[in-house]
Amino acid sequence: MPLVALILAVVVHFLPSDLYELCIYHRQQIEQGQWWRIISGHFAHTNLNHLLLNLAGLVMLWALHGDHYQHRSFSLVFLISAVTCSLGIYLWTPEMTQYVGLSGVLHGVFVWGAIKDIEKGWRSGYLLLIGVWAKIAWEQVSGASADVEQLINAKVAIDAHLFGALGGVVAVLLLTLRSKLAPRLSPSE
């Protein structure tokens with residue numbers, strides 16, 4: 001599934017401009033019923049540097065936590081993180097009228113992967129979890145790196161990182177609840 005996300009991001013980046021524009025998270029268009037932008041905006045990027053940075057992050061996460069990635073679980077975590085990120089931006093960052101990029105979702109996948117590491121008894125999961133939340137807190141206080149903003153030719157959406165990471169927590173909670181309820185919901189033999 002990470003490969004599918006990677007391919008979708010590349011395809012969206014190279015779409016003709018009129019089709020590419022249909023993919024961008026755009027608050028006004030979402031309010032007019034173009035709900036797909038809540039998901040598709042995460043596959044659009046400001047420029048090639050932005051795309052390559054996000055794809056490198058995706059590949060890094062795949063290498064770090066790939067043993068946790070089953071098709072269904074990765075897809076659900078990705079989707080929950082994307083929706084949580086987009087809704088967070090919509091509800092709590094109204095000044096952000098447009099958003100593109102995978103970084104919010106990647107933060108959610110990172111949080112989920114770190115928690116899966118912890119569940120397996122790997123102490124490194126705690127370090128990863130503390131590290132990602134420290135990075136997010138630092139960004140909320142100090143802002144984003146000016147170098148990264150120059151590289152991607154846009155303001156870094158640090159709130160997307162926060163909301164995406166919260167999406168990772170939501171995914172863990174929902175998937176845990178689902179796994180605990182599943183045996184109770186299955187028919188008896």
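Excluded from the calculations below are hydrogen atoms, water molecules and symmetry mates; all remaining heavy atoms, backbone and side chain alike, are included.
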Inset, instruction - Enumerate the residue pairs fulfilling ring pair (Phe, Tyr, Trp, His ring centres under 6.0 Å) with a member in residues 8-41, sequence neighbours excluded, ordered by first and then second residue. - result: none
Inset, instruction - Report, as yes or no, whether the 6.0 Å neighbourhood of atom CD on Q150 holds more than 12 heavy atoms from other residues, nucleotides or ligands. - result: no
Legend entry - Closest heavy-atom pair and its distance - A44, V100: O-CB, 3.2 Å
Inset, instruction - Please confirm whether the backbone N or O of V156 pairs with a side-chain atom of E149, one donor and one acceptor, at under 3.5 Å? - result: yes
Legend entry - Partners passing side-chain hydrogen bond (donor to acceptor under 3.5 Å, both in side chains) against Y90 (at least two apart in sequence or in another chain): E31
Inset, instruction - State yes or no: do L3 and V12 share one hydrophobic cluster built from I, L, V, M, F, W and Y residues joined by side-chain heavy-atom distances below 4.5 Å, directly or via other members? - result: yes
Inset, instruction - Determine whether V109 and V4 fall in the same hydrophobic cluster, where Ile, Leu, Val, Met, Phe, Trp and Tyr are linked whenever their side-chain heavy atoms lie under 4.5 Å apart. - result: yes
Inset, instruction - Calculate, to the nearest 0.5 Å, the distance between atoms CD1 and CD belonging to I89 and Q98 respectively. - result: 11.5 Å
Inset, instruction - For residues L64 and F110, determine if any side-chain heavy atom of one lies less than 4.5 Å from a side-chain heavy atom of the other. - result: yes
Legend entry - Where L128 and A114 come nearest, the two heavy atoms and their spacing: CB-CB, 3.9 Å
Inset, instruction - Considering non-hydrogen atoms only, spot the tightest contact between Y99 and G104 and give its length. - result: OH-N, 3.4 Å
Legend entry - Reported NE2-to-CH2 distance for the pair H65 and W112, which is rounded to 0.5 angstrom: 9.0 Å
Inset, instruction - Go through H45 and L102 one step at a time and tell me if the side chain to side chain contact (heavy atoms under 4.5 Å, CB included) criterion holds. - result: CA-CA 8 Å; H45 291 82; L102 277 171; 4.2 Å; yes
Inset, instruction - Please report the shortest heavy-atom distance between L15 and C23, naming the atom on each side. - result: CD1-SG, 4.0 Å
Legend entry - Spatial distance of atom CG (D67) from atom NZ (K116) [nearest 0.5 Å]: 10.0 Å
Legend entry - L175 with L181, same ILVMFWY side-chain cluster at under 4.5 Å: no
Inset, instruction - Could you check I7 against V10 for side chain to side chain contact (heavy atoms under 4.5 Å, CB included), going step by step and ending with a plain yes or no? - result: CA-CA 5 Å; I7 291 168; V10 170; 5.8 Å; no
Inset, instruction - State whether the side chain of N153 and the backbone N or O of H50 hold a donor-acceptor pair below 3.5 Å, judged by distance alone. - result: no
Inset, instruction - Check for a donor-acceptor pair, side chain of T46 on one end and backbone N or O of I152 on the other, with a separation under 3.5 Å. - result: yes
Inset, instruction - Output the distance between atom CD1 (I115) and atom CG (L173), rounded to the nearest 0.5 Å. - result: 7.5 Å
Inset, instruction - Tell me, with the steps shown, if L162 and H107 meet side chain to side chain contact (heavy atoms under 4.5 Å, CB included). - result: CA-CA 8 Å; L162 171 63; H107 280 73; over 6 Å; no
Inset, instruction - Would you give the length of the straight line joining atom CD1 of I136 to atom CH2 of W133, rounded to the nearest 0.5 angstrom? - result: 4.5 Å
Legend entry - Expected output: side-chain N54 to main-chain G101 donor-acceptor under 3.5 Å: no
Inset, instruction - Could you tell me whether the side chain of S145 and the main chain of V148 form a donor-acceptor pair under 3.5 Å? - result: yes
Legend entry - Hydrophobic cluster identity match, L91 and I39, side-chain contacts under 4.5 Å: yes
Inset, instruction - Might you point out which heavy atoms bring L61 and Y69 nearest each other, and give the distance in Å? - result: O-OH, 3.3 Å
Inset, instruction - Identify whether M60 and L129 are in the same connected component of the hydrophobic contact network (ILVMFWY, side-chain heavy atoms under 4.5 Å). - result: yes
Inset, instruction - Give every residue pair that meets the ring pair (Phe, Tyr, Trp, His ring centres under 6.0 Å) criterion with at least one member in residues 134-153, sequence neighbours excluded. - result: none
Inset, instruction - Might you work through the side chain to side chain contact (heavy atoms under 4.5 Å, CB included) test for D159 and W92, ending with a clear yes or no? - result: CA-CA 9 Å; D159 286 350; W92 290 292; over 6 Å; no
Inset, instruction - Taking all non-hydrogen atoms of both residues into account, name the closest pair between G108 and V77 and its distance. - result: O-CG1, 4.4 Å
Legend entry - Test side chain to side chain contact (heavy atoms under 4.5 Å, CB included) applied to L106 and L53, L55, L58, the passing residue: L58
Legend entry - Rounded distance (nearest 0.5 Å) linking atom CG of L79 with atom CD1 of I38: 10.5 Å
Inset, instruction - Ignoring hydrogens and angles, tell me if any N or O in the side chain of S86 forms a donor-acceptor pair with the backbone of V83 under 3.5 Å. - result: no
